[in-house]
Amino acid sequence: MGFDLLGLGPDVLKAVADAGYTTPTPIQEQAIPYILMGRDVLGCAQTGTGKTAGFTLPMIEILASGRAKARMPRSLILEPTRELAAQVSESFETYGKHHKLSKALLIGGVSFDDQEKVLDRGVDVLIATPGRLLDHFERGKVLLNDVKILVIDEADRMLDMGFIPDVERIVSLVSQMRQTLFFSATMPPEIRRLADAFLMNPKEVTVARPATTASTVTQGLAIVPEHDKREALRRLIRSQEVKNALIFCNRKKDVDILYKSLAKHGFNVGGLHGDMAQPVRMETLERFKLGEIQLLVASDVAARGLDIDDMSHVFNFDVPFHPEDYVHRIGRTGRAGRSGVAFTLASPDDGKLVAAVERVIGQEIPRIAVPDMDAAELDQEGDDRRRGRGRGRGGRDRDRPRRERDAPAPQFRDSDRDGTDDLMQAPAHAHTAAAAPADDERSGDRGRSRRRRSERHAERGNRPPRDADRDGIDDLQPPAPAASEHREAQAEERRSRRRSDRDDRRRDEHPHEERPREGRDRDRHHGRDRRRDRNWDRDDGPPVVGFGDFTPAFLSRPVPQRRRPNRSEDPPPVTEEAA
DNA sequence: AAAAAAT
């Protein structure tokens, strides 16, 4: 079956053919005819199933006739991450190239001005992340009442990211006379509830996960002591024919560290996480897609949805916290029937996480040994060190001296010397990660020394030192206490300003309710705000908030007694909760 | 535990 039987027009079909596609994927085949009919669609599908084209193609067809008014987009697509939004925008570019549709991409991290200009000219397709869209809306730069097609993509991820209130608000701003397309990889009850609220008599389209990835992706799990993971990763990369690879870390901090470490070791590598400047994010991703960057170290911002062709490898530098993220991460390779390789590094402490992943994927990940880093060698090396002899390999020697020089805590060094070395860990051929020596006294001791280290630093008001030192990376130190205190003070100031803004807004909307609560809020932050409270006492009355000089009548009335009957023109009685 | 998203 070809695309031509789905009801799409010649211009769209031409663009599809130009892009090299001949056969629709199951979700495209099932959803496109219904979307063209104007039906709501509830799509249960992951990325990599052709979902994006599944809604962009028919949308282009529907929007081909008609024209957008200034600031009143005719369709709206909500995406959880900026990268996904940008990708959908590209999809419209690709498939809409024979149409004259205008589109706008509203994402954070880039300038408002350009986005406003585009909105003013009128857009047919608006692709947005929720925060920036609402920001534009509140500035009056965009109106949503003319939106005829609304797409909510990756709904479950929006839920994970706490976007649902924003999404609900946005949906409430869109006209009821609309067509809604709702996609989610999973359907937990909360998502089902949203779907029921947003959709009318939807056509449900469910697509099986892309063959549970097992068929096309070769998986492997190497158990490696935490502080040898970078070395292990380098060896794995070198041992493989890596065309291009995504390397996932659980933390942004570790993305930075690993990225710099790999760069230092001469790899062609980039980094990507949500704290990086948006223009840098976009450029890095673009260069990775073009093949200018071979390795991309990323946080889970890249775990889902990123559509990069021909990725040969995925490395999990950390076992993901959420087991389902494993599926998303390794789903970045082995796409469209091609073969891929996904290797995961687990530390001996990761037994639970590995077990959780294996439960989700319903199979055991085959254990692999890191080349030239097998258990025997590690044991040997540990023995050597215990006897005070030199260590094994050159590669490791490069890393060591720095570590010893900068080793942060005497206790820590001691624990290395007395044979409680982290290197002495589960053999790489262990059958499960849980086989890590939990009952081994060494692992217990290691835990203690690590605790000591962080405790000591907590006392100093400092963060524990990072493993980065070992790679000779010295520009990754935590900020000096003074600077970080200053930043924290600024952050607190911002937070409290936001709190009071929010309270003001609430008070405007519900003056009755909010009056008693204000006092309570102040009490709750008593410690922090004491100075301000003093000023309050000294400086002739409270600072002006909310009502300004105007005092509504109800404020000058006496505070009503408890349990006083509630007459309609009175404020509600003060309940125990509010008092 | 972490990451994502509006300054």
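In what follows, every chain begins at residue 1, and chains take the letters A, B, ... in the order their sequences are listed. All values below come from the heavy atoms of this structure, side chains included, with hydrogens, waters and symmetry mates left out.
Atom CZ of A/Phe163 and atom C1' of B/dA3 are 10 Å apart (whole Å). Summarising the geometry, the separation between CG on A/Leu78 and P on B/dA4 is reported as 19 Å, rounded to the nearest angstrom. Rounded to whole Å, atom P of B/dA3 lies 11 Å from atom CZ of A/Arg329. Atom CZ of A/Arg82 is separated from atom P of B/dA3 by 15 Å (rounded to the nearest Å). The distance between atom CZ of A/Arg157 and atom P of B/dA3, rounded to the nearest whole Å, is 13 Å. Across the protein-nucleic acid pair, A/Phe317 atom CZ and B/dA2 atom P stand 16 Å apart, rounded to whole Å. For the pair A/Arg169 CZ and B/dA6 P, the computed distance is 14 Å after rounding to whole Å. Straight-line distance from the CG atom of A/Leu84 to the C1' atom of B/dA4: 11 Å, rounded to whole Å.
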- Message: Apply side-chain hydrogen bond (donor to acceptor under 3.5 Å, both in side chains) to residues A/His328 and A/Asp300 and explain how you reach the verdict.
- Response: CA-CA 9 Å; A/His328 293 297; A/Asp300 277 324; over 6 Å; no

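Closest to the side chain of A/Lys252, from the set B/dA5, B/dA6, B/dA3, is B/dA3. Comparing B/dA4, B/dA2, B/dA6 by their nearest atom to the side chain of A/Thr81 picks out B/dA4. Relative to the side chain of A/His322, the nucleotides B/dA3, B/dA6, B/dA2 differ in distance, and B/dA2 lies closest. Of the candidates B/dA6, B/dA5, B/dA3, the closest approach to any side-chain atom of A/Glu83 belongs to B/dA5. Distances were taken from every side-chain heavy atom of A/Arg251 (C-beta onward) to each of B/dA3, B/dA6, B/dA5; the shortest belongs to B/dA3.
Looking at heavy-atom distances under 4.0 Å, A/Asp160 makes contact with a base. Among the protein residues, A/Arg281 comes within range of the sugar-phosphate backbone only, with heavy atoms under 4.0 Å from sugar or phosphate atoms but none that close to a base. Using a 4.0 Å heavy-atom cutoff across all strands shown, A/Gly109 reaches sugar-phosphate atoms only and no base atom. Across all strands shown, A/Asp300 has no heavy atoms under 4.0 Å from either base or sugar-phosphate atoms.
If you check the side chains of A/Ser91 and A/Thr52, you find no donor sitting under 3.5 Å from an acceptor. Using modelled atom types and a 3.5 Å distance limit, the side chains of A/Ser175 and A/Asn145 yield no donor-acceptor pair.
For B/dT7, the OP1/OP2 oxygens have a side-chain nitrogen or oxygen of A/Arg132 closer than 4.0 Å. Dashed line: the shortest gap from a side-chain N or O of A/Ser299 to OP1 or OP2 of B/dA2 is not under 4.0 Å.
In this structure, A/Phe315 and A/Phe343 have tilted ring planes: the angle between them lies in the 30° to 60° band.
A cation-pi arrangement is absent between A/Arg230 and A/Phe317, since the terminal nitrogen or guanidinium carbon is not both under 6.0 Å from the aromatic centre and inside a 45° cone about the axis.
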